[in-house]
Amino acid sequence: MEKIVLPADFLWGSSTASYQVEGASHEGGRGECIWDTFARKPGAVYAGENGDVACDQYHRYAEDIALMAELGLKSYRFSIAWPRIIPAGTGKVNPEGIAYYRKLCEELHKNDIHTCATIYHWDLPQPLEDAGGWADRSVLGAFEEYAKVCYKELGDVVDMWITINEPYCVAYLGYLFGAHAPGQRDLQKALAAVHHVNMAHGIAVKEHRNAGLKTPIGITWNPVTPRPATKSDADKKAAELSRAFNTEIFMFPVLGKGYPKLLAQETNCSIPIKDGDLETIAQPIDFLGVNFYNESPAAADDSAPFKFSMKPSWQEVTAMNWPFTPGGLERQLEWIAEVSKGAFGKAELPIYITENGCACDDTVTADGRVHDSQRVRYLYQHLMACANVIKKGVPLKGYYVWSLLDNFEWAFGYTKRFGIIHVDFKTMKRTPKDSAFFLRDTIAGYGEL
Ligand code: FCB
């Protein structure tokens, strides 16, 4: 099959998040976060699992970085755990937490690996949730304080910053569908959370500039830009609603386009905007981060909170039951390039895929290897989609595979393995899968199937 050809300066990376890989939850002065609490709630996480140990990256980071270097990965996207930096959410800063991320970044740099830090990937300190969490505006002062500490203490070792990972999941999975911490189901709170997460992004960008940092800063979304399930008018409307509520509500205010009009027309709830908020959110940023896993068609559904739901598709599915839709990635990247054209007076904004990958039922076989051929095919097809859109002029500058390691997959616990490196959670042994070697060879210029 055709060879994958990507630009020589393409940024190849792998992604993880603190709660999913670090472990050491009760070490190094770390405070409690909403996922510690949520995981203790009966039935919230598969088999009552939690991130207490996870991949133990807190102790094994050097081994993980050596593996990244062997694979030729050029960047590592990790997240900073807020409860390690400011254990109670506000107030006292924890020097041990800072020391951990400094060591991590220094080790990466020693191996010529660029550092990309996400400031918030879902581990909100529990005391802040007790005060209302993302649904309460008071979270913004705490977030500003936290972001300032990150810049002051780690600004010299982080090469690229991401403010927030997937605002959609923070607001909706956390406060509307109850599937993620803090497990709430309340539309008005969810819409308040949407606005506060958007605000937190803007505040983090402002403080990054105030700190005088010259490193690039952006945000990571998981945009949903589906086709209608059928050609009926109702399904066409459903596709529009889904783009508005799942994507534009987060993306448009950041790009300076305000909240989508459909919002006010379709719900009785409102977003608690104050004077000056839209300006705060729309701080000029340097790049856009996109997490893409799949695209499902949208259909009208009166029983759903926003009157649409996503339908199953006919494509091959992964262990998450998520379809293979590399064409959806192409369409989505073209759409994002189009809507972000001219934002902040720039001709175009660089785009990075900050997560892409799939879960498979991987096992180490008698030959000591992991033959994850489905993941190899998935990566091949999505990287081919990247090469195709670059040819069409989309300013795509890099790709981070999700994930470096099998890890704690939120409410699914350890059952869903997304890594290109297998982790035996009893022994913590790391075994690179076939997909890791495929990626290594693709980075080296041999991206063929
Ligand atoms: C994304 C999350 C990431 C991981 C993948 C599978 O929504 O950002 O932490 O769980 O899904």
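All ligand and atom numbering here is 1-based and tracks the order in the structure.
Exactly one residue among W82, W134, W410, Y168 makes a ring pair (Phe, Tyr, Trp, His ring centres under 6.0 Å) with W122. That residue is W410. Applying the side-chain hydrogen bond (donor to acceptor under 3.5 Å, both in side chains) test between N165 and each of T220, N222, T118, N291 identifies N291 as the sole match. Exactly one of R84, H59, Q57, R30 qualifies for a side-chain hydrogen bond (donor to acceptor under 3.5 Å, both in side chains) with E22. That residue is R84.
Listed by first and then second residue, the salt bridge (Lys or Arg N to Asp or Glu O under 4.0 Å) pairs that reach into residues 61-74 are D64-R430, sequence neighbours excluded.
Contacts of D301 classified as side-chain hydrogen bond (donor to acceptor under 3.5 Å, both in side chains), with partners at least two apart in sequence or in another chain: S303, S309. Shown here are the side chain to side chain contact (heavy atoms under 4.5 Å, CB included) partners of A192, two or more places apart in sequence or in another chain: H196, P272.
Protein residues with any heavy atom under 4.0 Å from ligand 1: Q20, H121, W122, N165, E166, N291, Y293, E355, W402, E409, W410, F418.
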